[in-house]
Amino acid sequence: MGRAPDRRPAPAPSRPDVWVRVLGAAAGGGFPQWNCACPQCRAARDGSRPCRARTQSSVAVSADYRRWFLLNASPDIRAQIEAFPALRPYEVRESPVQAVLLTDAELDHTLGLLLLREAPRLEVHATARVHETLDRGTSLLRTLRACTHVEWRPVAPGTEVPLADGLSYRAFHVPSDKTSRFGAGEADEDVVGYRITNEHTGRSLVYVPAAQRLTASVRAHLEGCACLLFDGTCWQDDELIDLGIADRTSREMGHLPIGGADGSLEQLARLPIERRIYIHVNNTNPILLEDSAERRIVEEHGLEVAADGLELEM
Ligand SMILES: [Zn+2]
Ligand SMILES: [Zn+2]
């Protein structure tokens, strides 16, 4: 990771756009998941129902199409970089990737950092508690520091942070009472969402791949955004219990389900946001099947389901 040189050709549009690319749209495990033969994973493999495979969730943002900032670093990051020419290196050893902004310390959001270890330095934005979990909980940072210089930028929710010309972010807390598997003691997990703003146009993107509850304070941070990428992990709360995969509900795992009277869909459908898009979709979620009733319900409510390669401008 290093400052990208300015020799490469600039993109054609002269207007001050911010580019957003969904590198991966699936939750942990990806779609299909290597050890899963649920109806959705089977359909992805045998083509019996219309659906597209997806890698694990990550989003890239840029104000100039040359310097890119990643929202989380998934274990699929290597393939995601190769699949998107703008993220490939232009010099013998360098990368357009400037920094990684972490929403939490989940493995499917952070393991990709280890795959970036060949860079001479890595800039990582994370809250103090996420940093602590990565350092002493998962030990990921301790391993990474043995390979490269990690530059930690502490994330302070509520503070506007400039990233590059015309691009800034503001993190906000996403309340969760889920206990981290890797945290010290009984501490609740630390989760933030990011509001990325194009300062030239005032338009913004909000990224929330993990939300246990859609509280009034979270909704306040979504207000007025042009585009929302929101936690679409499970359709129903007991989805993984029904399949015999887990003994915890979607909520207990930190993810508000989409369906049901108190699910995210009914709430998000009421918000005046241009594009509301589900991301971080688990392979068990029937909305991945394009001909499913659940997918139709999502679309009838005016929401979309992200796939890898989706590009947004703002
Ligand atoms: Zn995840
Ligand atoms: Zn599956």
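In what follows, every heavy atom counts, from backbone to side chain, and hydrogens, waters and symmetry copies are set aside. One-based numbering, in listed order, for ligands and for the atoms of each.
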**Prompt:** What N, O or S atom of Asp108 is found closest to the Zn ion (ligand 1)?
**Reply:** OD2

**Request:** Test salt bridge (charged side-chain N to carboxylate O under 4.0 Å, His left out) on Arg153 and Glu151 and set out the steps.
**Result:** CA-CA 6 Å; Arg153 298 286 162 87; Glu151 221 164 281; 2.7 Å; yes

**Message:** Heavy-atom count check: over 12 atoms from other residues, nucleotides or ligands less than 6.0 Å from Arg145 CZ?
**Reply:** yes

**Prompt:** Is it true that some N/O/S atom of Gln40, main chain or side chain, lies under 2.8 Å from the Zn ion (ligand 2)?
**Reply:** no

**Message:** Taking the six-membered ring for Trp, are His280 and Phe230 closer than 6.0 Å centroid to centroid?
**Reply:** no

**Prompt:** Checking ring-ring contact (aromatic ring centres under 6.0 Å, His included) for the pair His125/Tyr169: CA distance, chi angles, key distance, verdict?
**Reply:** CA-CA 11 Å; His125 297 240; Tyr169 77 77; 5.5 Å; yes

**Request:** Rounded to the nearest 10 degrees, what's the angle SG of Cys41 makes with OD1 of Asn283 at the Zn ion (ligand 2)? Could you check?
**Result:** 100°

